[in-house]
Asker: 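The structure follows.
Side-chain atoms are counted along with the backbone in the values below, which use heavy atoms only and exclude waters and symmetry mates. Everything quoted here is computed from the prediction, not taken from an experiment.
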Amino acid sequence: MDITDRKLAEEKLLESEARYKAILDAIPDLMFRISRDGEYLDLKSEGANLTLTREEIVGKHVQELLPSDVATISLEAIAKTLDSGTLQTCEYQLPTPLGVRDYEARLVVSGQDEVLAIVRDITDRKQAEISLQNLAQKFAKAFSCSPDSITISTIQEGRLVEVNDSFVELSGYERDEAIGKTSFELDIWVHDHDRLKLVQELQDTGVARNLEVEFRQKSGEIITAMLSAEVIDLDGIPCILAVHHDITERKQVEAQLRLSAQRDRLLAETLVRIRSSLNLEQILQTTVTEVRQFLQADRVFISLNNANLGVRTLAESVDPKYPSVSGWSTNDEAYLQEVRNLLKDNLVRVFEDITQMAVSPKVRAHCRKFQTKASLAVPIMLGNELFGALIANQCSGSRHWQPIEIDLLQQMSEQVAIAIQQSQICQKLAELNTNLEHQVEERTAQLQQKMQEVEKLHRVKDVVLHTVAHDLRTSAMGNLMVLKNLLNQGVGGAEGQRSRGAGEQGSKGEITASLSPLPLSHALCPSASSQSPMPVSRSIIERMIQGNDRQLTMINSLLEINSCEQQGIHIKLEPVQFSTLLGEMFAQFEPMLTQNQATLKNLVPADLPLVMANTTRLQKVLANLVTHSLQNNPPGLNFLLSATVEAGMIRTQIQDNGVGMSKLECDRLFDLHVRDPQDCCSTSIGLKMYLCRKVIKAHGGEIGVISNRKRGLTFWFTLPLATSSATNRP
């Protein structure tokens, strides 16, 4: 029997079975053969996440393996599939070790009273759908609840597809008025090129951020918004999702701030100009020019109200298109009185539309003549008197004057009043200055005459001082010479007389004066006889010598002070070892200290640095300081000498344990002043103290005295170190 056809059919059948088996093996879903009554006949579980084995499933009923609700759904789907013969789909949830999972079962007829169920895990898809639904809900809420206007429009035509409630509130159009219309039909864009710029940017980058554009509301009012947009796909149509943030109020605030800044700058510059310039005409002209620029007005001028001159214009800035009021004046008293009444009580007069103002025909004719449509007038008050007015005019039409503009004119009028008052004061000052110059010239002439007289007196004083000092000095030196010779001769004569006997000698301690050619008796008593010698006590002669010494010292001090006052002290400073210098100086003072039974304790360190000093001058200073203490204290005085380095200077202190002084006496000790006759400090030593200060100052130092609390004085002076002072100091 020829079985070729059968063999070919069997081969095709095997190929078909292999092909379908490969397809089934490639499907990752679970597959079950289930009978009409719900018995599992077979399954394919390769690649599926199944917790039960094949043996635990095949032969079992769906009610045994599935929850009751899922089993009921499955039986209903099986029956419906077998009865209708069409594909049936059902979804259900099953608890698994991974949690509750979502499944989808697709049932088809696979044989007599049996179905093939293909089961797929759709948990991820269900979660994605839920997330998408939540996102859509959030977007819908954000879209509807956003405080900013949001629109969706086609990118090609600009036809509105959707708008939110904020758009309705911002634009004034209801939803049914806006949706389906283009932005051009609604005339929303103030500038059409703004939308063209938006579309171009979206086509280039797909996004636009913070574009500042102007929109027109339904009422016709212009608003400013910050626009951000992106391109979205809506059912295959490219659309624009745009968000509009209203910044109109912010822009108005910014404009007000700019105006305030300009106003403050203008006021500050005007104030500076007023303070720095005395040219009133220039100040007024600059003021009206800058005010007109700030207000963008057609005319700004300042008028003067004068009882004799009437009303006239002092300064003006005007647009060339309109007539000027410069040079205009009037003496019409009725007109002037009406203008004064408009500005009475120092009030600002605001006229937004001159045609609506209730004024006389003369004022109205004046406004027509100069094409004034709106006006703002602020009076300029000098005290309680109306000096004039600062006036701004709008000639192109009526105008609403803003509060900041009114405030500017008020403040500028105050500054103008200050400038006018300042100008008036300057005029008075100029007049007073002229009179003062004449007085100064007269007084200068008088002073020059007095100075000439004083110079003559100084010359006379110098002549008298040098003449008298020369005569006194000669006399004192002669007296000293005579007295010292007399003292020496008296001592020798007394010794000779002791050898000749007591009868020829005078009384003890006396000297018989018989000098030739002029006996001392004649010098002491001119009326005494030349043949009658007069015995003189030795102590008297010594006191006379001391008095002449003091007189000679005082005369020398006066001459030195006069020279210092006229020519100054010029000393040559050299670097010296200060501790060695002090030791040598006080060694020279030893006889003076011994004579006064005084002691000196030297605490000056041996390692002191070099100082700049003049040895001769400095020795006189130390001698004068020690002499002051010795002369004003009884014998037995104790001195303490110390020195320290302080701030580039050496500070020297000479402390004694004698009598103290009051603070006033300490403050005046080194000053040149007329001393009290009862003052314990003689005029001679006072002059020396003054010279001490001069010398120390010439060294570049300071000198002073401190009265100790318990007893005694502390003299101190400072000298600069050799490293911080010049070698020559005037």
Side-chain angles (χ1 to χ4, degrees), residues 259-331 336 339-340 342-343 346 348-349 351 366-367 369-383 385-396 399 401 404-430:
L259 286 175
S260 297
Q262 293 177 8
R263 178 198 61 186
D264 295 340
R265 177 194 57 79
L266 182 58
L267 290 172
E269 291 178 353
T270 304
L271 183 59
V272 170
R273 194 181 303 113
I274 290 173
R275 292 181 176 178
S276 60
S277 174
L278 299 178
N279 190 334
L280 179 61
E281 181 179 352
Q282 180 182 1
I283 292 174
L284 297 181
Q285 186 58 48
T286 306
T287 298
V288 296
T289 301
E290 294 189 356
V291 169
R292 189 173 81 85
Q293 182 179 0
F294 176 83
L295 297 179
Q296 294 298 301
D298 296 325
R299 183 192 299 117
V300 175
F301 63 97
I302 296 175
S303 63
L304 167 68
N305 172 48
N306 188 284
N308 299 324
L309 302 177
V311 173
R312 63 186 181 90
T313 303
L314 296 180
E316 180 194 32
S317 176
V318 62
D319 190 315
K321 296 186 298 184
Y322 302 104
S324 171
V325 297
S326 179
W328 176 85
S329 62
T330 181
N331 291 320
L336 295 177
V339 172
R340 293 190 189 103
L342 291 174
L343 297 174
N346 195 19
V348 179
R349 294 301 174 181
F351 306 105
H366 175 82
C367 294
K369 176 180 178 181
F370 294 102
Q371 302 180 21
T372 304
K373 301 296 193 313
S375 181
L376 176 61
V378 179
I380 300 174
M381 305 296 295
L382 296 184
E385 181 182 354
L386 177 64
F387 177 84
L390 175 59
I391 302 172
N393 292 157
Q394 194 70 25
C395 301
S396 57
R399 172 170 176 169
W401 301 100
I404 192 172
E405 297 172 335
I406 299 173
D407 179 68
L408 171 68
L409 250 66
Q410 286 181 304
Q411 297 196 48
M412 290 301 294
S413 70
E414 295 174 0
Q415 299 301 324
V416 170
I418 293 173
I420 294 171
Q421 289 176 332
Q422 180 175 284
S423 176
Q424 294 176 347
I425 292 173
C426 289
Q427 291 178 355
K428 294 180 180 178
L429 286 176

Asker: Looking at every heavy atom in both Phe370 and Cys395, which two are closest together, and how far apart are they?
Answerer: O-SG, 3.9 Å
Asker: Quick check for you: to the nearest 0.5 Å, what is the distance between Glu290 atom CD and Gln285 atom CD?
Answerer: 11.0 Å
Asker: Can you tell me how far CD of Gln282 sits from OG1 of Thr287, rounded to the nearest 0.5 angstrom?
Answerer: 10.0 Å
Asker: Write down the atom of Asp298, the atom of Ser396, and the distance for their closest heavy-atom approach.
Answerer: OD2-N, 2.9 Å
Asker: With a 4.5 Å heavy-atom cut-off, do Phe301 and Asn393 have their side chains touching?
Answerer: yes
Asker: What distance do Ser303 atom OG and Ile391 atom CD1 have between them, rounded to the nearest 0.5 Å?
Answerer: 4.0 Å
Asker: For a quick test of reading the model, state the closest non-hydrogen atom pair linking Phe351 to Trp401 and the distance between them.
Answerer: O-NE1, 3.4 Å
Asker: What closest approach, in Å, do Pro323 and Arg299 show between heavy atoms, and which atom pair accounts for it?
Answerer: O-NH2, 2.9 Å
Asker: Roughly how far, to the nearest 0.5 Å, is the CG atom of Leu284 from the CD1 atom of Ile420?
Answerer: 6.0 Å
Asker: Do the non-hydrogen side-chain atoms of Arg292 and Val288 ever get within less than 4.5 Å of each other?
Answerer: no
Asker: Measure the shortest side-chain to side-chain distance between Leu409 and Leu295 over non-hydrogen atoms and say whether it is less than 4.5 angstrom.
Answerer: yes
Asker: Looking at every heavy atom in both Ala374 and Arg399, which two are closest together, and how far apart are they?
Answerer: CB-N, 3.7 Å
Asker: Restricting to non-hydrogen atoms, name the atom on Gln296 and the atom on Gln293 that form the minimum distance, rounded to 0.1 Å.
Answerer: NE2-O, 2.6 Å
Asker: For Gln371 and Tyr322, indicate whether the former's side chain and the latter's backbone hold a donor-acceptor pair under 3.5 Å.
Answerer: no
Asker: Report the distance from atom CD of Gln410 to atom CD1 of Ile380, rounding to the nearest 0.5 Å.
Answerer: 12.5 Å
Asker: Find the distance between CG (Leu390) and CD (Gln415) and round it off to the nearest 0.5 Å.
Answerer: 11.5 Å
